[in-house]
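Here is the structure we will look at.
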4 protein chains.
Amino acid sequence: MTPGSTEGMEAATAERRRGRPRSDRARAAILAAGQALFLERGLDGVTVDEIADRAGASKATIYRWWPSKEHLAVDALYDDWLSHAGPENDEVPLEQELEGYLVPWVRVLRRRPYGRVVAGLVARAQLDPAFAEHYRTWFVRRRRDHVGRILRRRIADGDLPATTDVPLALDLIFGPIYHRLLHGHAPVNEPYVRAIVRTVVRGLLRPNG
Amino acid sequence: MTPGSTEGMEAATAERRRGRPRSDRARAAILAAGQALFLERGLDGVTVDEIADRAGASKATIYRWWPSKEHLAVDALYDDWLSHAGPENDEVPLEQELEGYLVPWVRVLRRRPYGRVVAGLVARAQLDPAFAEHYRTWFVRRRRDHVGRILRRRIADGDLPATTDVPLALDLIFGPIYHRLLHGHAPVNEPYVRAIVRTVVRGLLRPNG
Amino acid sequence: MTPGSTEGMEAATAERRRGRPRSDRARAAILAAGQALFLERGLDGVTVDEIADRAGASKATIYRWWPSKEHLAVDALYDDWLSHAGPENDEVPLEQELEGYLVPWVRVLRRRPYGRVVAGLVARAQLDPAFAEHYRTWFVRRRRDHVGRILRRRIADGDLPATTDVPLALDLIFGPIYHRLLHGHAPVNEPYVRAIVRTVVRGLLRPNG
Amino acid sequence: MTPGSTEGMEAATAERRRGRPRSDRARAAILAAGQALFLERGLDGVTVDEIADRAGASKATIYRWWPSKEHLAVDALYDDWLSHAGPENDEVPLEQELEGYLVPWVRVLRRRPYGRVVAGLVARAQLDPAFAEHYRTWFVRRRRDHVGRILRRRIADGDLPATTDVPLALDLIFGPIYHRLLHGHAPVNEPYVRAIVRTVVRGLLRPNG
DNA sequence: GTGTAATCGAGACGGTACGTCGAGTCTTGTG
DNA sequence: CACAAGACTCGACGTACCGTCTCGATTACAC
């Protein structure tokens, strides 16, 4: 499942659509061109014509499948942005489990200049509530939900106080990462993520300090 | 001193500049129009022509004094964005001093839709390193420096461990605020700020917890 | 064939051009709007935006097909400016043949305020040698060449001396017409043209008076 | 007397104007700068700022004394444009007298690229009837009147028929010169002027040829 | 095989905003 | 007063990009 997928729209029957089927070559080429160009120059630094040229596709094809440049960007970057994994793991301390999830992400952030694109997406989201919802769903909520599940499990396990404010904890973890990503005043690297996680977890442990 | 000020360039002598002096009426009207329009519709939702019209000025005058729309936005919003104060105060607990500084700011953020503009500024900063520096200096660094001074004084006073990582602490405080401001997934209100401050300070107190 | 035509560039094969074909509606509307506005207010009195608005086209479309406002003016006015005809006719006296060609033109000049536009074109031609060539080719040379052919035939027929200086004769015929057209000190009407033709032909007849 | 002179406005009394007197240095420098720049690049190719810079004057001073750039151009070029002379002379044939007046002028035209400026003036005259009158008076009428006086004297002397149409004759003489000056299809040189004069005079001699 | 229908690349289109430039006016302090 | 300096308003310029639209050409399934 990806942000731009249109599967599931027709009935689940075997009924094939008539007419020429969508070209997978074009779709893949557009996403690849988008990924490369958006990371290189940011959302506003790239024109749709450029993407079409690089992909050997036409602008009409792009707009047939993605309603706007920013939707395309979300789709083009989603896989890489969310690439990660590590199974949930109760055996290790909470800090370690959180780092296990966040560190692969920040490795991606360091490897590629995502700040350029994310800043553009955030700016568009301000002017277009529908896109804001789309962007949050695919780019932000996925990670927050994952970490939220971890935290709630740890609460159930008694590793965190029952009174822990999970949304606040998520903002305390993700906020500093986005802060450096978007403002660029300092690098988003592994030591930074470890420090965030340790300080926040420590702060959450004693609710009535 | 404001972001767009050009004072202090000539010698401090009483030597007056020749020619027609810059119109304070035009400058003030442009900044007022910019402030109103940028907050209303965001950086990208406003055209320079509109600002000129509303200010009764001409586009040429705007471009004479501000190199771009985003520089104008920084200048137009700076005063309001930084309006705050509260003298530094050792007598109260650290949490209270931090809240005393941050809460007035957050009240501004709630009163006006700053997210729209800040998102636009952040996006532009990605594509223009010179503007990025300008924006960070006037919009971000000012507040970080203020809080940084507080933290360092508290370290000297023994209220915080000598090993406290001040830049990290600043990111932990400001990051979550920017996170909600830009992503809009939850409100930036006083309880939120208090919760951030308490959790972070608690987390900082026992570095080797 | 018109000044702005691009036909004949590709091979004469039936090979159709790819992509959306140029809109004849837009082309015709732009030329019509240009003709009306240029005659009404002269080259400098009309903005390209106005032409675009009146034509229901966009400025980009105008600039896609005409490199400048003055090129558009040449194209928009060419047909009307050159509308004329009358087959060449040896049976009548030379004066009468010349009048037969020039009088219809002069009627156009009286019917519409061409002076405004031609003055603008002449002014632009001074600053842009490439446009000067374009303008002369389509607006001036056409008529001169036609009259030149008449004169050379009459020389061959013995109606004019073999030593007749044809370029000089053309300047003597067209010069006075342009003079009044551009300076506006007196009307360009039929009696004027007849008087020019008679005086010049008489002057040419006795080369060594 | 020059086109921009303002003498004669105050009473002929010896009463001197109060305040700082007009600077002759500035006036001369502005006219000199205007003459050089207008001839070099034409009316539209020169900005008033440029003239002010080159003259070491200010734009305000220019606009205090000349209502527009084109009025300045008329004034700056008038002396050179009309420089000529030759006393009227009944002793020689008409052709020779006319050449005696016109040849010095065309020498000026060949020495300097007047076409550029005159074309600009003619274009402006189309859009501004008041300036059109001004331009015709100083740039066109002067010469026409001079030649007109010659022709009328020659009619009185019997060298030309009593029925001679003087305005037509003037258009036949000046028209071809302006034609080449403005259209630039051929040079305006002495042989050309001589050929014009001879052909036209010959054509005028036998009105009912 | 022969429609029928949706796709594709190409590229022109209307629209909107950009940042620049020049004309002519206005506002200072200085001579 | 006039003058140099230079900021001001106004309005047009030509460019760039967006997202839409029309073409001819292609490619499947349905008959």
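So you know, we letter chains A, B, ... as the sequences are listed, proteins then strands, and number each from 1.
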Please report, rounded to the nearest Å, how far the [atom2] atom of [N] is from the [atom1] atom of [X].
X        : N      : atom1 : atom2 : answer
B:His71  : E:dG19 : NE2   : C1'   : 15 Å
B:Ile62  : E:dC21 : CD1   : C1'   : 16 Å
A:Asp44  : E:dA17 : CG    : P     : 15 Å
D:Lys59  : E:dT28 : NZ    : P     : 18 Å
B:Arg25  : E:dT28 : CZ    : P     : 13 Å
B:Ile30  : F:dA7  : CD1   : P     : 13 Å
C:Asp128 : F:dG14 : CG    : C1'   : 15 Å
A:Asp49  : E:dG11 : CG    : C1'   : 9 Å

Taking the six-membered ring of B:Trp65 as reference, does the NZ or CZ atom of B:Arg27 fall below 6.0 Å from its centre and within a 45° cone about the axis?
-> no

Phosphate oxygens OP1/OP2 of [N]: is one of them under 4.0 Å from a side-chain N or O of [X]?
X       : N      : value
B:Lys69 : E:dC18 : yes
B:Ser68 : E:dG19 : no
A:Ser58 : E:dC8  : no

Select one nucleotide: of [options], the one nearest the side-chain heavy atoms of [X].
X       : options                : value
C:Arg18 : E:dG9, E:dC8, F:dA4    : E:dG9
D:Tyr63 : E:dG11, E:dG24, E:dA17 : E:dG24
C:Arg20 : E:dC8, F:dC18, F:dT20  : F:dT20
D:Thr47 : F:dC13, E:dC8, E:dG22  : E:dG22
B:Arg64 : F:dT15, F:dA7, E:dG19  : F:dA7
C:Pro21 : E:dA12, F:dC23, E:dA17 : F:dC23
C:Trp65 : F:dC3, F:dC8, E:dC13   : E:dC13

Under 3.5 Å, is there a donor-acceptor pair between the side chain of B:Lys69 and the main chain of B:Asp44?
-> no

Residues C:Arg54, C:Asp49: salt bridge by 4.0 Å N-O rule = no

Is a salt bridge present between D:Lys59 and D:Asp53, judged by a nitrogen-to-oxygen distance below 4.0 Å?
-> no

DNA chain F nearest-nucleotide lookup for D:Ala60 and C:Gly19: closer to the 5′ end is D:Ala60

Ranking D:Ala55 and A:Pro67 by the position along DNA chain F of their nearest nucleotide, the one closer to 5' is D:Ala55

Test applied, side-chain contact (heavy atoms from CB on, under 4.5 Å); reference residue, A:His134; option that passes from A:Pro3, A:Pro129, A:Pro67 = A:Pro3

